[in-house]
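Values below: every heavy atom of this structure, side chains too, minus hydrogens, waters and symmetry copies.
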Amino acid sequence: MMQRLRVAVETPQYAGLARALDYACPHHLPAGTLVRVPLGQRNIPGIVWAGAPDQEAAEARPLASLKPVAEVMQALPPLPPVWCDLVDFTARYYQRAVGEVALSVLPPELRKLDNAGLDKRLRLLAKRSGWAMPEPEGSLPPRRKSAKVQSSRPGPAEPAPPPPLPTLQPEQAQVLATLADAFEQAQPPCHLLHGVTGSGKTEVYLRAAQHALDLGRQALVLVPEINLTPQLEARFAERFPGRRLVSLHSGLTPAQRLANWLTAHLGHADLVLGTRLAVFCPLPRLGLIVVDEEHDPSYKQQDGARYSARDLAVYRAWLEKVPVVLGSATPSLESWQHAQTGRYKLLTMAQRVGQGELPKVRIVDMNLQPQPAPGQPAAPLSEPLLTAVRARVERGEQSLLFLNRRGFAPVLSCTACGWKSGCPHCSAWRVFHKLDRTLRCHHCSFTERVPKACPDCGNLDIQPVGRGTERLEEQVAELLQGLERPGGGAVRVARIDADTTRLKGALEQQLAAVHDGSVDVLIGTQMVTKGHDFRRVTLVAAVNPDSALFTADFRAPERLFATLMQAAGRAGRDAAAAASSEMWIQTWSPTHPLFTALRQHDFARFAASQLQEREMAALPPFSHLALLRCEARDAAVAEGFLRQARDMAQALLTEQAADGQVTFYAPVPPHVAKVAGLERRQMLIEASTRPGLQRLLAAWMPQLPALRGQHKGLARWAMDVDPLSI
DNA sequence: AGCACGCCGACT
DNA sequence: GTCGGCGTGCTC
């Protein structure tokens with residue numbers, strides 16, 4: 001007897017196919033079962049979805065008209081119900097098709113395999129990892145035999161005996177006591193761990209993970225960037241020899257990613273460490289979630305389903321009734337506000353381990369520096385900063401110069417006619433990269449050789465305008481020329497950014513060079529400010545942080561504060577040198593409150609002033625935003641679509657009972673209005689309450705596909721709920 | 001998104 | 001006379 005089965009398949013939201021589709025199946029399949037189903041002419045993967053099909057759908061499509069499920073992937077245990085709940089919530093909250101979310105968070109390799117192929121992979125993995133294949137009758141996987149199993153494997157030698165645990169600071173002990181309580185609670189609260197750099201947050205994560213493992217549970221640890229996984233992985237591996245630890249991020253090969261995911265899903269992994277996509281990793285024994293550097297914007301997915309992995313981690317922890325720890329030295333204002341109102345439990349660690357001091361912050365007022373002669377480029381480093389860097393070099397200490405702009409110069413310009421190196425496909429300048437003499441668009445990757453003469457007037461004198469890391473490296477090397485290092489020999493200047501680390505292993509290699517002291521001055525973008533422990537760095541300088549102060553983005557100050565605090569944290573990691581370490585900031589706005597707060601390392605004060613501004617302006621976390629974005633060949637089409645969509649929403653609002661205020665703003669071009677030949681427009685929606693916003697979106701979004709036909713040439717649209725930048 | 005169907009220009 | 005351009009429309 002055929003049955004009706006709901007299956008989530010990858011269908012885009014804007015095609016009007018957001019819900020699970022109906023298929024016929026000869027027998028019942030549990031929700032979460034991976035299947036292959038026909039859709040149009042294709043055979044695609046899908047996941048059996050729970051819930052009864054709605055009445056109308058059942059009447060519109062009688063059972064006999066449904067296509068049958070093509071294949072059931074019995075080799076894979078069904079995804080757990082809480083996993084389906086998490087995906088369901090994500091799709092609903094972020095306004096995406098449920099199948100799109102479900103399938104996009106599975107390892108890509110899993111989608112390609114058929115049942116036989118999957119079975120083969122599972123057997124191979126089981127054999128290699130030394131665990132028994134689960135019984136076909138869906139029985140629980142056998143409990144791990146920890147060290148015993150591992151040591152019987154060929155390859156790595158006996159795990160080293162666990163190292164002695166470091167003594168806990170009183171603050172750490174207190175935090176851990178609170179967390180220990182949370183493990184006992186039926187519905188543990190969300191914890192915000194506010195710990196200054198060097199206060200030993202990682203030790204807290206390790207001990208909390210230990211607690212979860214002791215209870216026979218799994219721990220999930222999220223980090224913002226792939227770059228940060230290896231070092232954290234090393235610390236966890238060292239602390240938990242004999243435990244199975246897997247990482248999950250997009251840098252793994254497809255086969256590795258599948259193997260690690262399967263290890264976690266089958267319950268064989270004790271610790272899962274990964275980037276934002278790991279928040280969806282199925283874990284049958286989940287006991288703890290840690291979100292490190294919770295303020296980091298990388299947690300927000302920026303394409304496809306635009307989810308916040310941090311927010312989903314909090315939701316998942318609530319669903320699965322496990323403790324969650326959000327850790328940061330500079331929490332996001334959203335989390336901070338939740339901690340202030342008591343919705344999150346605030347845990348504070350204000351002391352640095354080993355009584356190390358935070359670096360002294362020195363502000364250089366650029367208005368007081370001698371100006372360059374007319375026509376001459378400004379010096380990259382002010383005289384006092386240059387002197388300080390020189391002194392470090394002479395003492396054999398390292399300096400880190402932070403400039404958040406890669407390339408040689410952000411734009412090239414003709415001195416005669418004023419031509420600038422614009423991108424023909426985007427409304428952005430193409431960046432001059434000197435090494436390979438190219439002009440590169442950082443938005444669409446369009447790359448050309450630098451022209452010999454001005455394309456407009458033929459003038460041979462084309463000048464770089466502004467400064468990126470490539471140019472800074474060149475200029476600093478010049479400024480430090482002839483300086484004597486203690487060991488003798490020339491000053492060594494190195495640069496780490498997306499361009500110098502493109503090759504696999506390049507970042508590790510360059511970091512190693514910094515660690516072993518074969519670099520005196522390191523120049524880098526944001527990349528070097530995150531997480532790395534540079535023991536010999538005693539001076540960090542933000543060369544040009546001002547641009548972030550004056551952008552229209554209301555979150556710019558919050559982000560700059562976090563970035564500078566994080567950069568400051570790179571200095572004086574070695575307690576002995578901490579007293580003499582400094583954070584330098586070159587700015588044209590030395591009296592800006594952001595810098596005042598930074599000088600005092602006073603996050604709470606900065607957060608309070610920012611929150612006050614946000615409240616006055618009715619911005620998050622005091623309001624809730626959504627951004628409807630769309631792209632079209634023609635800007636007028638994009639704007640027309642947004643306006644019509646707005647009219648629809650306003651009509652809906654007059655029908656709905658009021659649930660707070662909702663304000664619609666006019667469609668505007670985003671910061672970069674044209675990318676790869678498509679015009680972008682966006683419309684901001686501001687709601688006074690989250691439920692009010694969610695209710696509107698739920699009613700509104702399903703109506704948008706109907707507008708499609710009326711706007712010829714409309715490429716695509718998408719809703720960004722809780723957008724990070726507007 | 002895929003993938004078809006569909007109706008107009010340069011090739012064997 | 002066919003191959004193929006991408007415009008429009010559908011997928012349980």
* Asked: Given side chains that start at C-beta, do those of A:Lys674 and A:Arg680 come closer than 4.5 Å, heavy atoms only?
  -> no
* Asked: If you draw a 6.0 Å radius around CZ in A:Arg405, do more than 12 non-hydrogen atoms from other residues or ligands fall strictly inside?
  -> no
* To do: Could you walk me through whether A:Lys120 and A:Asp114 pass the salt bridge (Lys or Arg N to Asp or Glu O under 4.0 Å) test, one step at a time?
  => CA-CA 10 Å; A:Lys120 216 172 108 188; A:Asp114 60 5; over 6 Å; no
* To do: Give, ordered by number, those residues of residues 62-70 of chain A having at least one heavy-atom distance below 4.0 Å to an atom of DNA chain C; if nothing qualifies, reply none.
  => A:Leu66, A:Lys67
* To do: Not counting sequence neighbours, list each pair that qualifies as a ring-ring contact (aromatic ring centres under 6.0 Å, His included) and has a residue in residues 68-108 of chain A.
  => A:Phe89-A:Tyr93, A:Phe89-A:Tyr315
* **Exceeds 12 heavy-atom contacts within 6.0 angstrom, atom CD of A:Gln710** => yes
* Structure fact -> To the nearest angstrom, the CG-C1' distance between A:Asn43 and B:dC3 comes to 14 Å
* To do: Compute the ring centroids of A:His443 and A:His671, then answer whether they are less than 6.0 Å apart.
  => no
Check: protein-nucleotides 6-9 of chain C nitrogen or oxygen pairs below 3.5 Å:
none

* Asked: Are any side-chain N or O atoms of A:Arg285 and backbone N or O atoms of A:Gly267, one a donor and one an acceptor, separated by less than 3.5 Å?
  -> yes
* Is there a donor-acceptor pair closer than 3.5 Å between any side-chain N or O of A:Asn260 and the backbone N or O of A:Ser247? -> yes
* Name the residue closer to the 5' end of DNA chain B, choosing between A:Arg716 and A:Gln41 according to the nucleotide with the nearest heavy atom. => A:Arg716
